[in-house]
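A note on names: the letters A, B, ... follow the listed sequences, proteins ahead of strands, and every chain is numbered from 1.
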There are 2 protein chains.
Amino acid sequence: MARVRIKDVARHAGVSEKTVSNVINDYVHVSDRTRRVVQEAIDHLGYKVNLAGRHLRKGRTGVIALVVPELDVPYFAELARHVIREAEQRSLTVLIHQTGGDRDHELAALAGFGSTFVDGVILSPLALTADDLRHRADAPPTVLLGELLEEGADHVAIDNERAAREATEHLIGLGRRTILAVGGRDDAGLGTAEARTRGYRAALAAADLAYDPAALLPVASFRMPAGAEAVARALDEGVRPDALLCLNDQLALGALRTLYEYGMRVPEDVAVIGFDDVEAGRFSTPTLSTVAPDKAAVARIAVELLRRRMDETGDQAPADASPAGVRSPQDLVVAHRLVLRESTEGVARGPGPGNRGAARGR
Amino acid sequence: MARVRIKDVARHAGVSEKTVSNVINDYVHVSDRTRRVVQEAIDHLGYKVNLAGRHLRKGRTGVIALVVPELDVPYFAELARHVIREAEQRSLTVLIHQTGGDRDHELAALAGFGSTFVDGVILSPLALTADDLRHRADAPPTVLLGELLEEGADHVAIDNERAAREATEHLIGLGRRTILAVGGRDDAGLGTAEARTRGYRAALAAADLAYDPAALLPVASFRMPAGAEAVARALDEGVRPDALLCLNDQLALGALRTLYEYGMRVPEDVAVIGFDDVEAGRFSTPTLSTVAPDKAAVARIAVELLRRRMDETGDQAPADASPAGVRSPQDLVVAHRLVLRESTEGVARGPGPGNRGAARGR
DNA sequence: CAGCCGATGTACATCGATGTAAAAACGTGC
DNA sequence: GCACGTTTTTACATCGATGTACATCGGCTG
């Protein structure tokens with residue numbers, strides 16, 4: 001029960017502590033015989049390396065933080081799953097923090113939580129401003145997720161503006177003319193919502209459709225209740241859309257519910273499309289068309305980008321090819337695709353197992 | 001940019017390192033003047049405590065692990081959210097691990113991941129056996145979630161058997177007679193699924209309804225696709241149920257989709273009830289009746305139980321009232337309630353905003 | 001066989017914070 | 001002014017692993 005230290009293994013094997021350390025760390029110059037003897041001692045005593053000691057000595061923890069607004073928003077949960085998997089493959093451990101979209105929490109994350117605990121941060125910001133990014137100091141390596149086109153940090157996202165434009169164009173192509181943007185907001189800010197709104201407006205403009213600021217339905221959160229309420233409010237005010245561009249799937253699923261309650265058929269009366277391709281959208285009634293980002297790619301690239309940045313910081317004097325010392329921030333764009341399901345397709349609905357295969361979607 | 005150590009603060013403030021440490025740790029016997037001087041030096045230099053050093057010295061990290069099968073199953077995501085919140089309030093940090101329901105991963109979690117990195121573990125097991133629990137050694141304090149009625153570890157759950165029985169009784173009370181248990185499994189094992197199956201059978205028996213082993217629809221996972229497929233398989237085989245007891249909401253949501261595709265109306269033809277009360281069930285069509293566990297309570301109790309157990313381990317000689325030294329394992333039962341929505345209620349469905357308020361559920 | 005080289009192995013200092021034990025400073029009562 | 005009990009502060013060792021610098025060993029060359 002008493003903890004086994006490297007010292008104990010050394011004594012047991014009749015070698016020095018450093019030699020044991022060398023064996024553990026796969027140092028090249030250890031004879032096979034020594035290695036075997038030490039390994040036996042390790043197994044015999046059940047030695048486990050103490051990370052505190054290693055951390056103190058090395059200055060690295062092997063822990064990265066994934067910081068998201070809310071973990072129980074399926075998109076973030078799915079993303080987290082991928083990030084954890086990618087990190088694991090690189091012997092990194094993931095710590096998850098929730099900000100609730102709060103700026104102070106996000107700032108704390110940027111600063112590495114005011115401690116040396118995490119080696120790096122993957123942050124999905126909601127409330128940060130460009131200034132916050134510029135003024136950070138003493139921060140650990142950081143990768144940002146989502147639209148935030150400022151210089152100053154690595155950054156991974158789909159092309160949100162183009163994606164929104166494509167989605168909107170698809171709705172227009174279906175002959176829809178009164179298209180609301182649920183969750184849209186019109187300030188020219190940095191966020192993902194703003195980029196998607198720009199794409200929405202661009203599509204309208206390209207089709208010579210009038211843009212009415214009232215077509216942007218503001219939301220308090222990006223969850224189902226907010227989507228349901230925003231659409232209900234619009235309908236109560238007498239707005240009669242024939243399509244909804246919802247800025248994420250949760251809003252869309254909430255919207256579907258409200259449309260159902262108001263007796264509006266989807267997609268016949270109102271076509272609906274979302275973003276994120278969460279699993280629930282494949283089983284809703286009707287199934288939900290959506291912009292599907294390559295989540296696995298987002299996770300893989302984010303982790304990989306962060307790992308490189310961490311290595312960079314580690315080598316204090318990067319005598320490599322790069323002269324400037326630190327690479328400039330990278331902006332990586334991940335692929336997305338439009339996944340069309342019942343909520344825009346007008347697939348025959350109703351009784352009979354006949355349409356099963358088709359209806360399943362994807 | 002160079003890291004500031006306690007030594008630097010001490011020099012700057014003209015006191016010893018220990019005094020600085022005392023200030024940081026709110027040691028009582030520090031004069032106000034000294035405290036002020038030191039605090040100023042800390043602020044001035046921007047000193048941040050180095051957790052590696054503290055960890056090494058104290059043997060505690062302040063990190064607990066939450067180990068779940070899959071993070072993107074909404075129930076676990078919602079639970080994680082609560083656990084993180086509770087832990088934060090106690091200055092603990094949460095590390096999330098996914099096992100994929102794999103026994104080896106769960107065993108690794110039990111063993112504290114073979115390192116001194118986490119102070120404690122909250123584990124939601126799927127594949128562990130009673131033996132695994134008994135034979136663990138050198139493990140950090142652990143709290144188990146879900147049904148696993150073995151001695152040997154603290155444990156928090158709702159009364160799954162009773163909950164399943166109540167849910168089934170409700171279906172029977174609606175006049176339903178052919179009730180399938182989606183996800184049910186009949187071995188007398190330890191898991192949550194087994195306990196719920198027992199409750200299901202108990203309700204059938206109490207109502208003098210025949211129990212047909214074929215009424216248990218096995219599933220490969222507890223996610224929507226599995227629920228959809230299991231029900232489709234049963235229907236294809238000609239089974240015609242008038243109610244489904246789904247062992248979680250994801251299975252139920254998948255089942256709703258299949259029923260829709262087969263043209264069976266819910267709840268008129270088939271009543272459906274699930275477990276977990278995930279947000280999606282409040283917005284599905286129809287909205288989903290469910291057994292709602294008090295998730296916040298599960299999280300709060302689990303974290304609190306773990307914290308106590310950790311303190312216990314810390315104080316090497318617990319000179320308290322307890323003579324045995326270590327308290328015996330606790331089994332805590334959390335409240336649940338039946339939330340009835342459209343999928344069992346037979347609420348008027350269809351056009352018109354008239355039923356909005358009622359239909360919203362909860 | 002002297003001399004040198006590369007491969008192995010070791011002693012010791014070090015990372016940063018905190019517990020221990022004891023010294024220094026401060027009061028208090030007589 | 002002194003002995004004595006508290007506070008307050010300090011010096012030093014310690015937690016466990018690993019980097020540095022050096023010692024040792026065996027083999028090989030000339």
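- Taking CG of B:Leu92 as the reference point, atom CD1 of B:Ile64 lies at 5.0 Å (rounded to 0.5 Å).
- The pair B:Arg308-B:Asp311 does not count as a salt bridge, with every side-chain nitrogen at least 4.0 angstrom from each carboxylate oxygen.
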All N/O contacts under 3.5 Å from nucleotides 21-24 of chain C to the protein, with atom names and distances to one decimal?
none

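- The stretch residues 24-39 of chain B touches DNA chain C through B:Asn25, each having a heavy atom under 4.0 angstrom from the strand.
- The main-chain N or O of B:Tyr27 is never found under 3.5 Å from a side-chain atom of B:Asn25 such that the two would form a donor-acceptor pair.
- Nearest-nucleotide positions on DNA chain D place B:Asn22 closer to the 5' end than the other of B:Lys58 and B:Asn22.
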**OP:** Dump the intermediate steps for ring-ring contact (aromatic ring centres under 6.0 Å, His included) on A:His44 and A:His12, then the final yes or no.
**Re:** CA-CA 9 Å; A:His44 179 68; A:His12 191 90; 5.0 Å; yes
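- Within the 4.0 angstrom heavy-atom criterion, no nucleotide atom of any strand lies near A:Val20.
- Applying the side chain to side chain contact (heavy atoms under 4.5 Å, CB included) test between B:Val67 and each of B:His97, B:Glu106, B:Gln98 identifies B:His97 as the sole match.
- Between B:Pro125 and B:Leu145 the shortest heavy-atom distance is CD-O, 3.2 Å.
- Each of B:Thr19 and B:Gly53 lies near DNA chain D, and the nucleotide nearest B:Thr19 is the one positioned closer to the 5' end.
- Taking each heavy atom of A:Phe76 and A:Leu71 in turn, the nearest pair found is O-CD1, 4.4 Å.
- Formation of a donor-acceptor pair under 3.5 Å by the B:His155 side chain with backbone atoms of B:Gly146 is found in this model.
- If you check every strand for non-hydrogen atoms under 4.0 Å, A:Arg54 touches sugar and phosphate atoms only.
- Where DNA chain D meets chain A (any atom under 4.0 Å from a heavy atom), the bounding nucleotides read 5' to 3' are D:dG16 to D:dT20.
- Considering all non-hydrogen atoms of both residues, B:Asp119 and B:Pro140 come closest at O-CB, 4.0 Å.
- Using a 4.5 Å heavy-atom cutoff, the side chains of B:Ile96 and B:Ile84 are in contact.
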